Amino acid sequence: GEDVEQSLFLSVREGDSSVINCTYTDSSSTYLYWYKQEPGAGLQLLTYIFSNMDMKQDQRLTVLLNKKDKHLSLRIADTQTGDSAIYFCAETLSYGGATNKLIFGTGTLLAVQP
Amino acid sequence: NAGVMQNPRHLVRRRGQEARLRCSPVKGHSHVYWYRQLPEEGLKFMVYLQKENIIDESGMPKERFSAEFPKEGPSILRIQQVVRGDSAAYFCASSPSGRDTGELFFGEGSRLTVL
């Protein structure tokens with residue numbers, strides 16, 4: 001089935017690290033993504049990781065991928081109040097080489113306390 | 001460069017009326033996706049279209065919902081005889097053709113409220 005699961009809520013203090021976890025189902029996913037949604041807005045791509053990688057770092061963001069367990073995580077270092085948003089993980093569902101469809105998780109609401 | 005443009009941003013309809021949501025993809029993108037976000041839920045895939053073709057409509061309710069992406073003009077998501085359960089944010093996304101990272105570019109959504 002197509003199920004991407006995330007915890008619903010995470011609260012951290014400003015300056016701490018945040019870790020958002022996700023489990024996915026499609027082992028053939030070529031890319032896995034993290035999107036951010038601010039209140040009342042659409043989704044913006046934060047980062048993605050190619051499935052043959054274990055880790056990707058991009059400034060304050062670190063993505064870890066465990067393909068064996070189908071587990072993806074997003075670590076945000078030095079979390080700021082502006083990072084408060086909903087974070088969605090997504091996997092790709094391919095059409096035999098054609099462009100993909102993304103399956104999204106339920107989203108994790110990150111609340112950053114000052 | 002304009003991103004994905006959706007309109008209207010907010011739409012209020014009474015039960016039984018029709019809702020039409022429009023989406024203009026990023027210039028040059030020929031793939032359009034519609035997602036629905038119900039209150040306090042994640043994004044659920046509805047339909048994937050290329051110009052003049054529906055590629056995957058596995059997430060579309062069988063009745064009352066239809067989508068098109070004509071050769072010219074925006075993609076339209078049409079909901080006939082709306083019910084309260086249709087109240088949601090509807091997001092359109094687009095991507096360029098061909099193999100790529102699969103990144104989707106999202107619009108800001110159309111928020112439908114059914115009274």
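Below, chains carry the letters A, B, ... as their sequence lines are ordered, and counting in each starts from 1. Note that the structure is predicted; figures quoted are calculated from it, not measured.
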| said: Taking the basic N atoms (NZ, or NE/NH1/NH2) and the acidic carboxylate oxygens, is any pair closer than 4.0 Å for A:D54 and A:K67? | reply: no

Pair count under 4.5 Å, heavy atoms only, with chain B: among A:Q37, A:Q44, A:Q6, highest is A:Q37

Discussion item. Just by distance, no angles: are the side chains of A:T79 and A:S18 close enough, under 3.5 Å, to form a donor-acceptor pair?
Written reply: yes

- Before accepting this row, confirm whether a basic side-chain N of the pair A:R60/A:D83 lies closer than 4.0 Å to the acidic partner's carboxylate O. yes

Could you tell me whether A:F88 and A:Y24 have their ring centroids closer than 6.0 angstrom? no

With chain B, the option among A:G105, A:G107, A:G40 that has the most non-hydrogen atom pairs under 4.5 Å is A:G40

So, the part of B:Q6 with a heavy atom under 4.5 Å from chain A: the answer is neither

Applying a strict 4.5 Å limit to non-hydrogen atoms, the region of A:F50 in contact with chain B is neither

